[in-house]
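Count residues from 1 along the sequence. Atom set for the values below is all heavy atoms of this structure, side chains included, hydrogens, waters and symmetry mates excluded. This is a predicted model, so every value here is computed, not measured.
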Amino acid sequence: MMQNLSSAMRASASGLKAQRIRMDVISSNIANANSVKANGREPYKRQDALLRAADNGVEVSGIVTDNSPPRSVYEPGNPLADGEGNVLYSNVEPVIEMVNMISASRAYEANIAAFNSAKSMVRSALNIGKL
């Protein structure tokens, strides 16, 4: 039984780590949402953490770049505008990123709850052995 609870705690811990990395990537996306094409440099490209099942939980298999085109906004007065008056912004959509952040946050909280439940069961099992 203790081995199963230990395995549950490891699975929850791997989920916590994966969701933390996911939140870090989402935070970076949000922080760079308004980057623009300037000085020959392309605007920031959105990134996403890829999660996959592992032997004892979940792991981040990689960080991938979203190669969708940048947002083009008509701003003829902007000094960074091209010849047609368009400014190229990052392909990050802040609203979508906030939804992703809420999802990652909820998953993180669920892993904390599962970890704490398993920890409580281990404590109870150890207390039963003391009697």
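- Looking only at distances, a side-chain donor or acceptor of S35 sits under 3.5 Å from a matching main-chain atom of Y44.
- Here the side chains of I26 and M98 are not in contact, with every heavy-atom distance at 4.5 Å or above.
- For the atom pair K17 NZ and N111 CG, the distance stands at 13.5 Å (nearest 0.5 Å).
- Rounding to the nearest 0.5 Å gives a distance of 14.0 Å between CG of N32 and OH of Y89.
- Residues V92 and P94 share a closest heavy-atom pair of O-CD, 3.4 Å.
- Residues in residues 22-44 take part in these salt bridge (Lys or Arg N to Asp or Glu O under 4.0 Å) pairs, two or more places apart or across chains: R20-D24, K37-E42.
- Without hydrogens or angle criteria, S27 side chain to M23 main chain gives a donor-acceptor distance under 3.5 Å.
- Expressed to the nearest 0.5 Å, how far CD1 of I30 lies from CD of E93 amounts to 12.0 Å.
- Although no hydrogens or angles enter the test, the distance criterion places no donor-acceptor pair under 3.5 Å between the side chain of T65 and the main chain of N67.
- Considering every non-hydrogen atom in both P43 and P70, the closest pair reads CG-CB, 3.8 Å.
- Within the model, atoms CD of Q19 and OH of Y108 stand 10.0 Å from one another, a figure rounded to the nearest 0.5 Å.
- Going from atom CD of Q47 over to atom CD1 of I63 covers 7.0 Å, rounded to the nearest 0.5 Å.
- In this structure, the side chain of N91 engages the main chain of D66 through a donor-acceptor pair within 3.5 Å.
- For the pair S117 (side chain) and A113 (backbone), a donor-acceptor distance under 3.5 Å is present.
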Derivation of the salt bridge (Lys or Arg N to Asp or Glu O under 4.0 Å) call for E97 and R46: CA-CA 10 Å; E97 295 303 320; R46 180 184 176 278; 2.5 Å; yes
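- If you chain together hydrophobic residues whose side chains sit under 4.5 Å apart, V64 and V58 never meet in one group.
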Please report, to 0.1 Å, the donor-acceptor pairs under 3.5 Å made by any side chain of residues 49-57, with sequence neighbours excluded.
from, atom 1, to, atom 2, distance (Å)
R52, NE, E59, OE2, 3.0
R52, NH2, E59, OE2, 2.4
N56, OD1, S7, OG, 3.1

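- For the pair S12 (side chain) and M9 (backbone), a donor-acceptor distance under 3.5 Å is absent.
- For N86, the side-chain contact (heavy atoms from CB on, under 4.5 Å) partners at least two apart in sequence or on another chain are S72, Y74, D82, E84.
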